[in-house]
Amino acid sequence: MSEGIILEEAPDIHEQFQVTPPALMVIFGASGDLANRKLLPAIYRLTQQRLMPPNYIILGYARSPLSDDDMRQRARTSMLANPEVEFQNADWEAFASRLFYVSGDYDDAEGFQRLSERITTLEEQWNIGGNRLFYLSTPPSVYEPIVTCLGVAGLVEPAGRQSWTRIVIEKPFGSDLHSAHKLNDHVLSVFDEEQVYRIDHYLGKETVQNVLVFRFANGIFEPIWNRNYVDNVQITVAESIGVEGRGGYYEKSGALRDMMQNHLLQLVSLTAMEPPIAFDAKAVRDQKVNLLQAIRPLLPEEVPEYVVRAQYSAGTAATRPVPAYLDENGVASDSTTETYVAWRLEIDNWRWQGVPFYLRTGKALPRKASEISVTFRRAPHLLFDSTEGFESSVSQIDGGVRSTTQGLRMNGDSLSRNVLTMRIQPDEGITLKTLAKRPGPSVNLTPVNLEFTYGHSFGEPPDAYQRLLLDVVLGDSTLFTRRDEVELAWQRITQVLDGWRMQEELTANGRKPFRLPHYPAGTWGPSEADFLLEKEGQHWVTE
């Protein structure tokens, strides 16, 4: 037998989850887009990977008058159209046998009585044991009625019993601090906090989770992850599409509520939080809350100085023509709803004092991109800096080469900074920009990238909902948001909304119509967003 290195075989991933408990999952809004496009395919793929228990079932509930077979046919059609699903007839037949349906209104006591009776019957048939998961895949307007009816119907067991009851609530969780606080009060009048899973699918993405691993599992990065070495942090969540017929919904939301309150502030938290004492739900979420508390609050009169908002005008984004936002269906002709937000955010704590965090999100931008870019400070001694761009002189002496260094050429100031970029989508991965000498007799510096991509190293990462749904069944709330975390995020967002409201009122008092800045669809936003950085000698990294 030849000698060599023997690698210890890694345990089968399937063996790690054999403790997955039986469960009955009730999906409210089961006839809708999210359930058929994301939730059911995610559970189907988990089943194919043998990560779900042998005795679990899915019970859909919605207003649409469907039968069990109708739900199964809709789910099958959705699976076949989903490019991420590896459809197998045998797997599908086993999965379809677990799908059931009850129709009813979301505030109808009789409908919830039918739901309760069906739950009792199915739990006995499938030997579920009383574990129940309720998923609110519905418009936010019916969250409160559903929670009320679940409590009245006696479907919520208190925490601490041998069997468990959990509820998953989709975003948006409120529209400002007051509404989020009110919704929390209502939910927690029926459920305990440990039973509530407020979901943000961004936290299920592999790259987002890897931010913590990258920071805290690699000894070379955490020592320089602070104000002494970091010049600025930029977080971009860009969409290349416009509102695409959803103007009526977007008018009530806007970019600040739709993306900044949840996705971007979550990314800020993970990027800037202090090391948790353990990788568990309480320790991680405690540190995220501490970070949100450290975000510098804005007074209403400060908001225009730190936050830029705008709307897209007509143009071409990602090779497709996009009409102006004001011309979209359902949008008022004098709308002041923002489709773009840029925010210079400050964190008042020891680690990040003086380091600006530049956040931006928008629709109808040149491409889809979600990235965190950490720009490090320049080297303290500018050995390779030269404003005159001298090069080494080279001469021949006795058949050899003698080089006399007169100066060193560099292609601009921006090349002297290292930039670490964590791409969340598309092409998930991590890139570190460094400087290297270009081949040749002169010392000519050029940027090069050290790059890691998930697809190349591990294959394509699974959909975020797979991880998050499995965590709910396992009772792991690490990647879900807690009440205080949600309300702190809304507090900071509401301060911005208050500043915008004051700005509009001052304009109205001056008897002038208020107008937002515009940016052509397919560009990276208004010039005001560039000036937000340029006045401090910075520029956007993702362009």
Side-chain angles (χ1 to χ4, degrees), residues 11 13-28 30 39 42-43 46-47 49-61 94-95 97-100 102 109 112-137 143 146-169 184-199 204 278-286 465-483:
I13 187 173
H14 303 133
E15 296 177 1
Q16 300 178 34
F17 294 101
Q18 290 302 312
V19 294
T20 308
L24 182 146
M25 306 179 186
V26 178
I27 299 178
F28 291 98
L39 303 183
I43 301 170
L46 288 171
T47 304
Q49 299 164 27
R50 294 190 291 120
L51 297 178
M52 295 298 291
N55 50 340
Y56 81 90
I57 52 177
I58 300 169
L59 177 56
Y61 185 98
F95 180 76
S97 68
R98 304 172 185 274
L99 300 181
F100 303 91
V102 174
F112 276 78
Q113 183 59 39
R114 292 194 301 274
L115 176 65
S116 178
E117 293 170 357
R118 194 76 188 275
I119 287 175
T120 300
T121 301
L122 291 172
E123 283 181 336
E124 292 175 354
Q125 291 176 350
W126 287 76
N127 191 27
I128 298 298
N131 294 331
R132 298 169 182 173
L133 188 163
F134 300 109
Y135 199 115
L136 272 56
S137 174
Y143 288 171
I146 291 174
V147 170
T148 297
C149 289
L150 286 172
V152 170
L155 292 171
V156 181
E157 297 289 348
R161 294 172 60 91
Q162 187 171 2
S163 58
W164 49 258
T165 304
R166 295 167 188 151
I167 185 169
V168 183
I169 304 178
N184 270 322
D185 281 347
H186 186 79
V187 171
L188 296 181
S189 69
V190 177
F191 293 86
D192 296 329
E193 174 64 37
E194 63 189 86
Q195 296 175 297
V196 181
Y197 290 71
R198 302 170 189 86
I199 192 169
F279 194 71
D280 60 34
K282 184 179 187 307
V284 171
R285 297 197 291 185
D286 282 350
Y465 279 100
Q466 291 185 58
R467 169 64 187 269
L468 295 175
L469 283 166
L470 184 60
D471 280 356
V472 177
V473 175
L474 294 171
D476 185 351
S477 57
T478 304
L479 299 178
F480 298 82
T481 52
R482 205 167 58 193
R483 172 177 186 159

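Heads up: numbering here begins at 1 and tracks the sequence.
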Separation between CG (Leu470) and CD1 (Ile43), nearest 0.5 Å, reads 10.5 Å

Charged N to carboxylate O under 4.0 angstrom, Arg198 versus Glu193? yes

Decide yes or no for Arg467 and Leu46: does some side-chain heavy atom of the first lie under 4.5 Å from some side-chain heavy atom of the second? no

Determine, stepwise, if the pair Asn131 / Glu123 fulfils side-chain contact (heavy atoms from CB on, under 4.5 Å). CA-CA 9 Å; Asn131 294 331; Glu123 283 181 336; over 6 Å; no

Qualifying residue, where the test is side-chain hydrogen bond (donor to acceptor under 3.5 Å, both in side chains) with Ser477 and the options are Gln195, Arg285, Glu194, Lys282: Arg285

Heavy-atom nearest pair, Ser163 first then Gly129, reads CB-O, 3.4 Å

Evaluate the side-chain proximity of Met25 to Arg98: yes if any heavy-atom separation is below 4.5 Å, no if none is. no

Given side chains that start at C-beta, do those of Phe134 and Val147 come closer than 4.5 Å, heavy atoms only? no

Would you kindly say whether Tyr197 and Thr481 are connected by a side-chain donor-acceptor distance under 3.5 Å? no

So, the side chain of Ser116 versus the backbone of Gln113: is there a donor-acceptor pair under 3.5 Å, distance only? no

4.5 Å side-chain heavy-atom contact, Phe191 and Pro158: no

Does the side chain of Phe95 come within less than 4.5 Å of Ile58's, by heavy atoms? yes

Side chain proximity check, Val196 to Phe480, heavy atoms < 4.5 angstrom: no

side-chain contact (heavy atoms from CB on, under 4.5 Å) assessment of Leu59 paired with Leu122: CA-CA 9 Å; Leu59 177 56; Leu122 291 172; 4.3 Å; yes

Do Phe100 and Ile57 come close enough that some side-chain heavy atom pair is under 4.5 Å? yes

Interatomic spacing from CG in Leu136 to CD1 in Ile146 - rounded to 0.5 Å: 4.0 Å

Tell me, do Pro21 and Val473 make a side-chain contact under 4.5 Å, heavy atoms counted? yes

Note: Leu155 and Leu115 closest approach over all heavy atoms is CD1-CD2, 4.1 Å

Those residues that, when tested against Arg166, pass salt bridge (charged side-chain N to carboxylate O under 4.0 Å, His left out) (two or more places apart): none

Shortest non-hydrogen contact from Ser97 to Trp126? O-CZ2, 3.6 Å

Name the one of Val26, Ile167, Leu469 that satisfies side-chain contact (heavy atoms from CB on, under 4.5 Å) with Tyr135? Leu469

Tell me, yes or no, whether the heavy-atom count around Gln162 atom CD, taken from other residues, nucleotides or ligands under 6.0 Å, exceeds 12. no

Give me the atom names and distance for the closest heavy-atom approach of Asn55 to Pro22. O-CB, 3.2 Å

Test Phe28 against Phe112 for ring-ring contact (aromatic ring centres under 6.0 Å, His included), laying out the working first. CA-CA 11 Å; Phe28 291 98; Phe112 276 78; 5.8 Å; yes

Could you walk me through whether Ile169 and Val187 pass side-chain contact (heavy atoms from CB on, under 4.5 Å), step by step? CA-CA 10 Å; Ile169 304 178; Val187 171; 3.9 Å; yes

Mind listing the closest non-hydrogen atom pair of Ser137 and Leu39 along with its distance? CB-CD1, 3.9 Å

